[in-house]
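Worksheet: the structure to be examined is printed underneath.
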Amino acid sequence: MTNWTRFRLGYVAMSVNVKNCSPSQTMTYKRFQQLDDKEAAVSRLERIARSNLHNCLRLLKHNNAHDIKFFRLSSRLVPLATHEALNGWNYMQAIRNDLRALGDFARKHTMRLDFHPDHFVVLNSPKESVFNGSVKNLLHHVQLVDGMGIDLTHRSVLHVGGTYKNKPKAIEQFISNWSYVPDDVQRMLMIENDDKSFNLQDCLYLGEKLGIPVVFDYHHHLANHEDPDWTSHWNRVVNSWRNSPHPLKMHISSPKNEQAFRSHADLVDSDMFMRFLKEVNGSVAEMDCMIEAKQKDGALFQLMQDLKGRDDIEMVDEASFYVKT
DNA sequence: CCCGGTCAAGGCCTT
DNA sequence: AAGGCCTTGACCGGG
């Protein structure tokens, strides 16, 4: 138990302020197929990947200028990286320097970077092909983290997966599949409650059983819960992070509206956020809050602006603060 | 230049 | 069994 918590804000993948700086440029497989000169096509993929990483570095510089030390990298940095048609493609060779530059900058400025692989990475699938494809994708993420030269532990957040019409069975499937997940990947992962299937208590059950930190998504919890009172489970969330080198991490977003409750709004509602912060304040020394909003870093800046006017907030810098109790 | 259709990957719901 | 939808940013081609 500590006195106050230092809260740090982060955002996802791209900036609304830095123009022409996409870290997710791509080439679809269809397009790749249409190109006759495969060697040229591959070097075009490599150019795109390098450009994505270069843009990431620009984003990190922008973040650093605004004290933002927490950032989720795009999971589409290297187009077609794990596509079977490109088996044997040594993209790491092509991106090594850019990747290293990214990691060097992050380390120099003590930034926390992580990933959130796309929804088709499903570790509890009963289909072997889906499971294997998921592991392949996650091993790609391991390579990226290693290539940046930063520690692998707890860098990638994942949902539990599908329910397949039998949630208890799907949870047990996750546990049995877990034993086939490579050690590196296991070490890299965190699990997050989702908005339709696996709620906070499901994640805590798995997290405790398998030693995986639980990322609490407050918005998902509002949309999908077994027990609406998350506070009575909070100490278990805190505890799931006890062996992590990183502070507890959570996701913050606001519903778009009542009809599309599960969709992300442009901005984060600061009153809702403050109510949440007051509940958790003091439970840990530091906490990282990932802002998931349409307006990306714009939402982060707006939120900080909203908090700035309050007398129960003590600002540390442009992206972190204490809550006074 | 703008706009609508399309795109590797899973799961789920409807028909 | 098959097709549409979810969700999302990027890109392509047509107007």
Side-chain angles (χ1 to χ4, degrees), chain A residues 11-35 38 41-42 44-45 47-49 51-56 59 72-89 91 115-141 156-167 169-171 173-174 177 192 194-198 202 217 219-220 223-224 251 253-257 259-266 290-299:
Chain A
Y11 70 99
V12 175
M14 59 190 291
S15 167
V16 298
N17 292 298
V18 185
K19 300 299 176 192
N20 299 312
C21 196
S22 168
S24 311
Q25 298 164 95
T26 194
M27 187 195 307
T28 62
Y29 177 60
K30 188 159 189 171
R31 194 82 188 109
F32 177 81
Q33 235 177 351
Q34 287 164 356
L35 301 173
K38 287 298 176 241
V42 168
R44 191 156 149 199
L45 286 174
R47 268 207 312 282
I48 292 171
S51 167
N52 285 340
L53 290 168
H54 174 71
N55 285 344
C56 274
L59 291 170
R72 178 190 301 166
L73 297 169
S74 164
S75 273
R76 299 168 187 227
L77 294 173
V78 185
L80 305 180
T82 59
H83 195 285
E84 57 177 24
L86 281 122
N87 269 343
W89 170 33
Y91 57 84
F115 287 102
H116 195 341
D118 279 312
H119 61 104
F120 43 79
V121 174
V122 181
L123 285 183
N124 81 330
S125 178
K127 292 185 202 160
E128 205 176 331
S129 60
V130 173
F131 175 79
N132 289 338
S134 299
V135 168
K136 184 179 184 181
N137 187 292
L138 291 167
L139 284 170
H140 162 63
H141 283 84
S156 189
V157 61
L158 218 54
H159 295 292
V160 177
T163 57
Y164 313 101
K165 293 181 180 157
N166 185 342
K167 197 164 91 167
K169 191 177 166 202
I171 288 175
Q173 183 81 55
F174 188 95
N177 284 9
E192 174 198 352
D194 70 73
D195 56 357
K196 287 179 104 157
S197 308
F198 297 96
D202 299 325
D217 187 310
H219 181 188
H220 288 167
N224 173 34
H251 291 171
S253 52
S254 294
K256 190 181 180 73
N257 53 51
Q259 292 73 38
F261 187 86
R262 302 203 315 272
S263 302
H264 289 164
D266 286 355
M290 181 61 71
I291 305 298
E292 295 180 322
K294 290 260 188 215
Q295 289 298 306
K296 310 289 180 188
D297 56 335

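Per chain, numbering begins at 1; letters A, B, ... match sequence-line order.
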* In dot-bracket form, how is DNA chain B paired, counting a Watson-Crick or G-U wobble pair only if both its distances are under 3.5 Å and using | for bases paired to another strand? -> |||||||..||||||

* **A:Lys167 side chain vs A:Phe198 backbone, donor-acceptor pair below 3.5 Å** => no

* Taking atom P in both B:dA8 and C:dC12, compute the distance separating them and give it to the nearest angstrom. => 12 Å

* Please work out if A:Ser74 contacts a base, only the sugar-phosphate, or nothing of the nucleic acid, heavy-atom cut-off 4.0 Å. => nothing

* To do: Quickly work out the A:His159 NE2 to C:dC6 C1' distance and round it to whole Å.
  => 13 Å

* Asked: Taking atom P in both B:dG5 and C:dC5, what distance in whole Å separates the two?
  -> 12 Å

* To do: Could you tell me whether A:Ala170 contacts a base, only the sugar-phosphate backbone, or nothing, with contacts defined as non-hydrogen atoms closer than 4.0 Å?
  => nothing

* Asked: First contact, last contact: which nucleotides of DNA chain B are these for chain A, 5' to 3', heavy-atom distance under 4.0 Å?
  -> B:dC7 to B:dC12

* So what does A:Gly162 touch, heavy atoms closer than 4.0 Å: a base, only the sugar-phosphate, or nothing? -> sugar-phosphate

* Okay, side chain of A:Asp266, backbone of A:Gln295: is any donor-acceptor separation there less than 3.5 Å? -> no

* Would you please say whether a donor-acceptor pair under 3.5 Å links the side chains of A:Ser75 and A:Asp118? => no

* Structure fact -> From CE of A:Met27 across to P of C:dC11 the rounded distance in Å is 10 Å

* Asked: Counting heavy atoms not belonging to A:Gln34, are there more than 12 under 6.0 Å from its CD?
  -> yes

* To do: Whole angstrom is fine here: how far is it from NZ in A:Lys294 over to C1' in C:dT8?
  => 7 Å

* Asked: Can you name the nearest heavy-atom pair linking A:Leu59 to A:Met14, along with the distance?
  -> CD1-CA, 4.2 Å

* To do: Decide whether A:Glu292 and A:His219 meet the rule of one side-chain donor and one side-chain acceptor closer than 3.5 Å.
  => no

* Nearest-angstrom distance, P atom, B:dC3 to C:dT7 -> 23 Å

* To do: Output yes when at least one side-chain N/O atom of A:Ser22 is less than 4.0 Å from OP1 or OP2 of C:dA10, else no.
  => yes

* **Distance between P atoms of C:dC11 and B:dG10 (Å, rounded)** => 23 Å

* Asked: To the nearest angstrom, how far is A:Phe120 atom CZ from C:dT8 atom P?
  -> 14 Å

* When the distance from CZ of A:Arg44 to P of C:dA10 is rounded to whole Å, what number comes out? -> 16 Å

* Counting only N and O atoms by type, is there a donor-acceptor contact under 3.5 Å from the side chain of A:Asn124 to the main-chain atoms of A:Gly162? -> yes

* Do the two ring centres, one from A:Phe115 and one from A:His140, sit under 6.0 Å apart? -> no

* Structure fact -> A:Lys296 NZ to C:dT7 P, in whole Å, measures 14 Å

* Asked: Quick check: are there more than 12 heavy atoms from other residues, nucleotides or ligands sitting under 6.0 Å from NZ of A:Lys38?
  -> yes

* Asked: What's the CG-C1' distance between A:Asp118 and C:dG9, to the nearest Å?
  -> 11 Å

* Asked: Whole Å only: how far is the CD atom of A:Glu292 from the P atom of C:dG9?
  -> 12 Å

* With heavy atoms under 4.0 Å as the rule, sort A:Ser125 into base, sugar-phosphate or nothing. => sugar-phosphate

* Asked: Side chains of A:Gln25 and A:Asn52: donor-acceptor distance under 3.5 Å anywhere?
  -> yes

